[in-house]
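Structure, as structure tokens:
None of the values given here were measured: they were computed from a predicted structure.
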Amino acid sequence: MIKSMVSSGSGRLKRSLGAIHDLLMAGLSFLAANFGVTALIGIPVTPGIFEKTLLFVVLSAVVFFIFELNRGSWRYASIPDLLAIMKSATLAVLIYVLVIFTYSRGAGFSRLVPVLLWFFLILALAGPRIVYRMVRERGWVGLLREGNKVRPGSKTILVYKANEISDAYVRAVKARRDSKIHIAGIVDNSAKKGTRTIQGLKIVGGTNNIAKIVAQLYENQGIRVEELAIADHKLDKKTLSELVTLAGDAGIRVSHIPDIVKTTDTSRATSLDPQPIVLSDLLGRPEVKYNLIEVTRFIDGKTVLLTGAGGSIGSELARQIAAFNPRRLVIVDMSEHFLYTIDMELREKFPELDIIARIADIRDEKRVDSLFGKYRPDVVFHAAAIKHVPLAEQNIAETIKTNVLGTRNCALAAIKNKAAVFVMISTDKAVNPTNVMGATKRAAESYCQALDLQEHGTRFKTVRFGNVLGSNGSVVPRFAAQIAKGGPVTVTHQNIVRYFMTIPEAVRLVLQASSMGMTSNEERGKIIVLDMGEPVRIADLAERMIRLAGYRPNIDIGIEYVGLRPGEKLFEELFDEREVQDAARHENYIVASPRVVELATIEKIVNAMAAAISSENALAALAKLRIAVPEYEDISERALEDPVVLKVTKPAAQNVLSIVKA
């Protein structure tokens, strides 16, 4: 409180001193204008000069008060302050001339005086403000030294390209004594080298010459460039990818400079630091957006239960669901740590929301029934699953328990407690699966499809998408960790490709799919698949990440190919071609029609799986899984060795197995 009072008192003192300064400058400007006319054309000094000076000062005080000149901070004097000074000077001079001509018809008054007075007054008011700001930000020494010298401890960057954003950014960086950014030059393809400048900085060349520019700066001036900072926030992803490649070949990183025009706080030196390009900026398609009206109608005022709330997808689902004002959000996970983390985050961001956090294993049928019975959710999002392919291959029974039996427990509990909709989150690995994880997810899809065709009051929707950038255990954080250690980056196969999306995109799709077609019987038993554009080659992804870190692939950091893992495919599929014949296509997704298994049949198979699991017979359970998912083609070593799992070895399995062994 005392600090606040001192600060407030200091502010009033500064404003008072500023007002006194402005009035003093008004008086001095008036005298200078009159004596200037005397010196220029030799006319006598205006009679009553000091009385008229006092009159002008009083009129100026009123005008300055109207325009609030004393409230502007000299520390941040800028163009708006200069405009206010010009308006004030113009009005003060006009009012004075009007008063003089009203009372004396301008007798003995030179017409040159108002012109000089207007000019002197603007100079006297603006000059000290500009000098004060320059001294505060750069010091007296900074005003005299060359503006583009490298400051000790600075990070040297090149800026792309010459525009209003780069102009404002260069000005802001130069103005700050405490800035740790040194700008070596501007890179732009639209101007010849050296023909234009931005705040005194030259255009040093085009983007195709970045490597040459970086080398010359080091050889000729000893300047080591670290980043290419992009001053174009509407840059298309193709051009951005090209810049990442060019900069990476030059051994420098790529970043975005902050938009000074939109930045509200530039008082800290770090506010001017370029921000790193994230991998999602390089996705080859626009991000998915909400249909806000439908999603709001779907969630607002409802009780929502979310399984797997501590995972990458689950936690983002929780964040976005919370923003749509549910009546209650019940978050469920078997990991105490991850559940606690998202619970604390939600309570901080949404203090008014009724949040229930419960530790529970979806494989525990009684625990699931208890939770659903107590909270009776209107909407269920089922995100809990075992998702890592190698672990699923090594833990068959646990994967079937979670992905198939756990889904059944939640689905039946939703029906029993009259939930309006049950949304199951699936994966592209469920299409023509070659691993246990994909096969269990396809079996869970089939079970939910069969339930959706029944008349029991609960709609079952399945949402299928590809890999998620940055999710726990995914390839992106693994590559990042390997790059941080200096490499090598390990890729399973040089030709392996995957579909990718960001975590927020994945969640938007889930919410979008959940909210659409609730009353349409035509979409019963179908699956919604995101249009994810073209698949990404994992080797290319590794190269992009290496370049984003400022290194050169296979020069600074190597890429090693270690072979496909058990159950891993070279090419993932979002859907089988048979699933999308005559499919309904929407802006961001396709409503696919996978093969439907009758409820009685799938229930019989799932019950048989449960019986096998209860007797610890994982291979028998896997054999039942193959019956539920006949398109499942097991390509593991196990498939070729165990007659219970696969009685007849398919040529395709042998071919892929040869790749794995290689």
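A donor-acceptor pair under 3.5 Å is formed between the side chain of His493 and the backbone N or O of Asn495. In this structure, the side chain of Ser315 engages the main chain of Ser312 through a donor-acceptor pair within 3.5 Å. Not a single donor-acceptor pair under 3.5 Å links the side chain of Lys429 to the backbone N or O of Thr434. Put simply, the side chain of Asp333 never gets that close to the backbone of Thr307: no donor and acceptor are under 3.5 Å apart. With Glu633 contributing its side chain and Asn432 its backbone, the two residues share no donor-acceptor pair below 3.5 Å.
The side-chain contact (heavy atoms from CB on, under 4.5 Å) with Asn189 is formed by just one residue from the set Thr207, Asn209, Asn208; it is Thr207.
Scanning both residues, Val507 and Ile313, for their nearest heavy atoms gives CG2-O, 3.8 Å. Taking each heavy atom of Val187 and Leu228 in turn, the nearest pair found is CG2-CD1, 4.4 Å. Shortest non-hydrogen contact noted between Ala247 and Val254 is CB-CG2, 3.4 Å. Summarising the geometry of Asn554 relative to Ile559, their closest heavy-atom pair is OD1-N, 3.1 Å, with the distance given to 0.1 Å. Scanning both residues, Ala385 and Asn403, for their nearest heavy atoms gives CA-OD1, 3.4 Å.
For the pair Lys155 and Glu226, the salt-bridge criterion is not met [side-chain N within less than 4.0 Å of a carboxylate O]. Under a 4.0 Å N-O distance rule, the pair Asp343/Arg347 qualifies as a salt bridge.
Glu345 pairs by the salt bridge (Lys or Arg N to Asp or Glu O under 4.0 Å) definition with Arg319, Lys349, not counting sequence neighbours. The side-chain contact (heavy atoms from CB on, under 4.5 Å) check on Asp249 picks up Thr245, Arg547, with sequence neighbours excluded. With sequence neighbours excluded, the residues satisfying side chain to side chain donor-acceptor pair (under 3.5 Å) with Ser426 are Glu445.
Using a 4.5 Å heavy-atom threshold, the side chains of Thr492 and Tyr561 count as separate.
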